[in-house]
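Take a look at the structure set out below.
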Amino acid sequence: MKKRIFAGLLTAIMAASLVACGGSGSAPAAGGDDSSGGADGKDSGEAIVVGFAQVGHESDWRNASTNSVKDAFSKDKGYDLQFVDCDNDSAKQIEAVRQFIQDDVDYIVIDPIVSTGWDTVLTECDDAGIPVIVIDRTIEDSKKYISWVGSEFMNEGLASGAWLKAYAEAKGIKDLNILVIEGSNGSSAQIGRTDGFKKYADEEGWTILDSQDGDFTQDGGQKVMESYCKSYAGKFNVVVCQNDNEAFGAMDAMKAAGVSYGVDKDVILISFDACKAGLEYVQSGDINADFMCYPLQGEYCAKIIDQLEKGEEVDKQTFMQEPWYVAEDILKDITYTNNAGEEVTEELVQVTDAASQASY
Ligand code: AHR
């Protein structure tokens with residue numbers, strides 16, 4: 001059912017939800033039941049039209065995210081999902097949002113490829129009275145959206161630094177010479193993970209030999225690592241890949257160059273996402289630590305739309321729970337200061353059965 005929220009009113013709702021729900025909010029349990037049971041579209045028999053501008057299909061994580069949104073907004077659940085794979089092209093993503101406005105969809109969901117360049121098109125959504133929900137990555141230059149669901153990427157980066165510091169101390173490794181393979185530059189995932197890790201590198205005096213964009217893909221990770229293996233042969237003992245697919249490519253490149261990696265090998269290998277294949281490599285000891293980025297955000301997003309349909313207030317931000325997975329049991333937990341300035345003790349999860357850890 002079309003429930004147009006008029007421009008201006010939408011801005012007022014957003015301001016109210018900012019005041020009311022500044023922190024993280026309640027959300028359905030991961031893998032929980034459909035939470036959109038009371039949506040008007042279902043009651044009236046009319047589908048709720050949701051336009052989703054997805055980043056692309058660059059990684060295992062991304063495919064899991066796409067499937068999660070498709071499941072949450074299925075026909076059976078009373079939705080008509082207009083899905084656009086933006087192929088990691090920011091211009092295409094803005095165009096997709098404009099098309100959703102043209103098509104007068106009920107809601108727009110965006111996973112922003114980059115964190116800036118959004119204010120104009122979000123103003124157009126606001127003017128059209130179409131509520132926008134942002135998932136996964138964040139938008140830095142505009143607050144013209146109703147709600148965001150996703151990961152605290154800075155904490156993920158801090159997590160990798162805090163773990164490496166404690167691990168190197170436990171293993172008696174004094175000099176850390178690090179190569180970073182970054183995710184797509186300009187994305188909040190890349191910015192947060194880079195900044196969080198760099199904070200530890202600066203404080204601890206670690207050497208970051210190089211930090212290049214691997215575009216969150218296996219191919220990108222492999223190419224960057226091939227070039228690192230030539231330029232920094234024999235000079236590095238840590239590789240940080242900003243997602244699992246980059247790590248898979250980096251492993252292939254290191255193997256070809258005769259560099260060993262993983263538990264008690266030449267190189268400590270760190271990754272992010274903790275997708276099933278990544279956890280299998282943690283279990284086999286090829287990846288030393290993998291920091292989860294939780295992709296199944298569709299149901300959280302559906303819960304927000306359900307609340308909006310019922311005229312309820314929604315949380316401005318919903319953060320995912322993201323465990324730290326490790327290959328060895330030499331450390332039980334780590335205390336670190338998160339991005340909100342809170343001291344948090346994180347229990348490390350030793351991967352003994354990757355199959356039971358992830359469904360994607
Ligand atoms: O925005 C989330 C990141 O994007 C994931 O870490 C990565 O795998 C994806 O491509």
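Whatever order the structure lists ligands and atoms in, that order sets their numbers, starting from 1.
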### Message
Students often mix this up, so state it plainly: with edges at 30° and 60°, are the rings of Phe248 and Tyr281 parallel, tilted or perpendicular?
### Response
tilted

## Note on the structure
the protein heavy atom lying closest to atom 10 (O) of ligand 1 turns out to be Glu58 OE2, 2.4 Å

### Task
Enumerate the atoms of ligand 1 whose separation from the nearest heavy atom of Asp136 is less than 4.0 angstrom.
1 (O), 2 (C)

### Query
When you measure from atom 4 (O) of ligand 1 to each heavy atom in Glu246, Glu156, Arg193, Arg137, which option holds the nearest one?
Arg137

### Query
Taking the six-membered ring for Trp, are Tyr200 and Trp206 parallel (under 30°), tilted (30 to 60°) or perpendicular (over 60°)?
parallel

### Query
Does Gln242, backbone or side chain, put an N or O under 3.5 Å from an N or O of ligand 1?
no

### Message
Taking distance alone, with N or O pairs closer than 3.5 Å, would you say Ser59 contacts ligand 1?
### Response
yes

### Query
How does Gln190 reach ligand 1, if at all, at less than 4.0 Å between non-hydrogen atoms: by side chain, backbone, both, or neither?
neither

#### Entry: Aromatic plane relationship, Tyr232 with Tyr228 - under 30° parallel, 30 to 60° tilted, over 60° perpendicular
perpendicular

### Query
With no hydrogens and no angle check, do the side chains of Ser65 and Gln54 hold a donor and an acceptor under 3.5 Å apart?
yes

### Query
Counting only heavy atoms not in Glu203, do more than 12 sit closer than 6.0 Å to its CD atom?
yes

### Task
Would you please indicate if the ring centroids of Phe52 and Phe100 are separated by under 6.0 Å?
no

### Summary
Ranked by distance from atom 5 (C) of ligand 1, the top protein heavy atom is Asp273 OD1, 3.4 Å

